[in-house]
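Below is one structure, written out as structure tokens; the observations come after it.
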Amino acid sequence: QVYLVESGGGLVQAGGSLRLSCTASGRPFSSLEMGWFRQTPGKEREFVAAVGWTEIKKYYADSVKGRFTISRDNAKGTLYLQMNNLNTGDTAVYYCAADPAGNAYLPSTRQKYTNWGQGTQVTVSS
């Protein structure tokens, strides 16, 4: 079992920045392919960003490309999402996700990931 805990969410004005963190335990962190998703009430969970076992491969949704940066620190067992130039459309609950098996799905698909954190709320005010 992989246990994921997100942190770093909060209230920020449009144009501001936040950094989300996700700590993983239960499996060697370097063996986990990781992703960030977000969800608002009444909508499907939306892909944000993903990273492979190392930072060689990174993927971003078009809506966040150029504003968000995904990174990982394998020594600390922590995944990060640096969010800059936030706008009200970024308001959502952000979830950390892990794929310990290296499932052969696209990194933007929810079915790739078998472990999810509890989420952290990000609210962007105008």
Side-chain angles (χ1 to χ4, degrees):
Q1 183 69 268
V2 178
Y3 301 93
L4 305 173
V5 180
E6 302 96 336
S7 62
L11 175 64
V12 64
Q13 286 188 302
S17 298
L18 285 173
R19 187 183 71 167
L20 306 183
S21 298
C22 172
T23 58
S25 61
R27 296 286 189 277
F29 185 67
S30 60
S31 71
L32 305 175
E33 297 180 344
M34 304 293 297
W36 286 101
F37 289 74
R38 65 188 184 186
Q39 189 169 24
T40 57
K43 297 178 63 178
E44 294 183 353
R45 194 163 296 186
E46 175 189 26
F47 170 73
V48 176
V51 64
W53 295 340
T54 70
E55 292 190 328
I56 295 176
K57 295 291 186 179
K58 295 183 179 181
Y59 310 87
Y60 296 95
D62 289 342
S63 59
V64 307
K65 189 175 297 183
R67 299 189 298 121
F68 291 9
T69 302
I70 189 171
S71 62
R72 63 189 298 160
D73 187 331
N74 286 347
K76 295 181 178 180
T78 303
L79 177 74
Y80 301 98
L81 185 68
Q82 178 66 46
M83 305 186 295
N84 297 328
N85 301 314
L86 287 161
N87 58 62
T88 56
D90 297 317
T91 294
V93 176
Y94 284 72
Y95 296 91
C96 173
D99 171 18
N103 294 315
Y105 299 100
L106 293 175
S108 60
T109 59
R110 295 185 299 273
Q111 58 264 40
K112 176 177 174 64
Y113 306 94
T114 57
N115 296 271
W116 298 82
Q118 84 288 349
T120 185
Q121 176 71 48
V122 172
T123 302
V124 184
S125 62
S126 61

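Basis for what follows: all heavy atoms, side chains included, without hydrogens, waters or symmetry-related copies.
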Quiz: residues 97-105 side-chain donor-acceptor pairs under 3.5 angstrom, not counting sequence neighbours:
| from | atom 1 | to | atom 2 | distance (Å) |
| --- | --- | --- | --- | --- |
| D99 | OD1 | A101 | N | 3.1 |
| D99 | OD1 | G102 | N | 3.1 |
| D99 | OD1 | N103 | N | 3.3 |
| D99 | OD1 | N103 | ND2 | 3.0 |
| D99 | OD2 | G102 | N | 3.4 |
| D99 | OD2 | N103 | N | 2.7 |
| D99 | OD2 | K112 | NZ | 2.8 |
| N103 | ND2 | K112 | O | 2.9 |

Query raised in the report: Can you pull the disulfide (SG to SG under 2.5 Å) pairs that have at least one residue in residues 33-87, sequence neighbours excluded?
Result: none

Query raised in the report: What pairs with T114 under side chain to side chain donor-acceptor pair (under 3.5 Å), at least two apart in sequence or on another chain?
Result: none

Query raised in the report: Are Y80 and V51 grouped together when hydrophobic residues (ILVMFWY) are joined by side-chain heavy atoms under 4.5 angstrom apart?
Result: no

Requested in this report: Scan for ring-ring contact (aromatic ring centres under 6.0 Å, His included) pairs involving residues 10-57, sequence neighbours excluded, and state none if there are none.
Outcome: F37-F47, F37-Y113, F37-W116

**Report entry** Flag for D73-T78: side-chain donor and acceptor within less than 3.5 Å
**Finding:** no

Residues 117-126 side chain polar contacts: donor-acceptor under 3.5 Å, at least two apart:
| from | atom 1 | to | atom 2 | distance (Å) |
| --- | --- | --- | --- | --- |
| Q118 | NE2 | E6 | O | 3.3 |
| T120 | OG1 | G9 | N | 3.2 |
| Q121 | NE2 | A92 | O | 3.4 |
| Q121 | NE2 | T123 | OG1 | 3.3 |

Show which side-chain atoms of residues 54-64 pair as donor or acceptor with protein atoms under 3.5 Å away, not counting sequence neighbours.
| from | atom 1 | to | atom 2 | distance (Å) |
| --- | --- | --- | --- | --- |
| T54 | OG1 | I56 | N | 3.3 |
| E55 | OE2 | R72 | N | 2.8 |
| K58 | NZ | I70 | O | 2.9 |
| Y60 | OH | I70 | N | 2.9 |

Report summary line: Applying salt bridge (Lys or Arg N to Asp or Glu O under 4.0 Å) to R110 and not counting sequence neighbours gives E44

Query - Whether over 12 other heavy atoms sit under 6.0 Å from Q111 CD - result: yes

Report task. Look up atom CG in L32 and atom CG in N115, then write down how far apart they are to the nearest 0.5 Å. Result -> 8.0 Å

Query raised in the report: What pairs meet the disulfide (SG to SG under 2.5 Å) rule with one or both residues in residues 27-126, with sequence neighbours excluded?
Result: C22-C96

Query raised in the report: Hey, quick one: are V48 and L18 part of the same hydrophobic cluster, counting side-chain heavy atoms closer than 4.5 Å, chains of contacts allowed?
Result: yes

Query - Q82 vs S71 side-chain heavy atoms within contact, under 4.5 Å - result: no

Requested in this report: Not counting sequence neighbours, which residues clear side chain to side chain donor-acceptor pair (under 3.5 Å) with R27? List them please.
Outcome: none

Query - Residue pairs involving residues 117-126 (criterion salt bridge (Lys or Arg N to Asp or Glu O under 4.0 Å); sequence neighbours excluded) - result: none

Query raised in the report: Is any side-chain heavy atom of M34 closer than 4.5 Å to a side-chain heavy atom of L4?
Result: yes

Report task. Keeping to residues at least two apart or across chains, list the disulfide (SG to SG under 2.5 Å) pairs with something in residues 40-74. Result -> none

**Report entry** Over all atoms of both residues, closest heavy-atom pair of S30 and N74
**Finding:** CB-ND2, 3.8 Å

Query - From L20 atom CG to S7 atom OG, the distance as rounded to the nearest 0.5 Å - result: 8.0 Å

Query raised in the report: What is the distance from atom OG1 of T69 to atom CG of N84, rounded to the nearest 0.5 Å?
Result: 6.5 Å

Query raised in the report: Tell me the side-chain hydrogen bond (donor to acceptor under 3.5 Å, both in side chains) pairs involving residues 86-98, sequence neighbours left out?
Result: R38-D90, R38-Y94, R67-D90

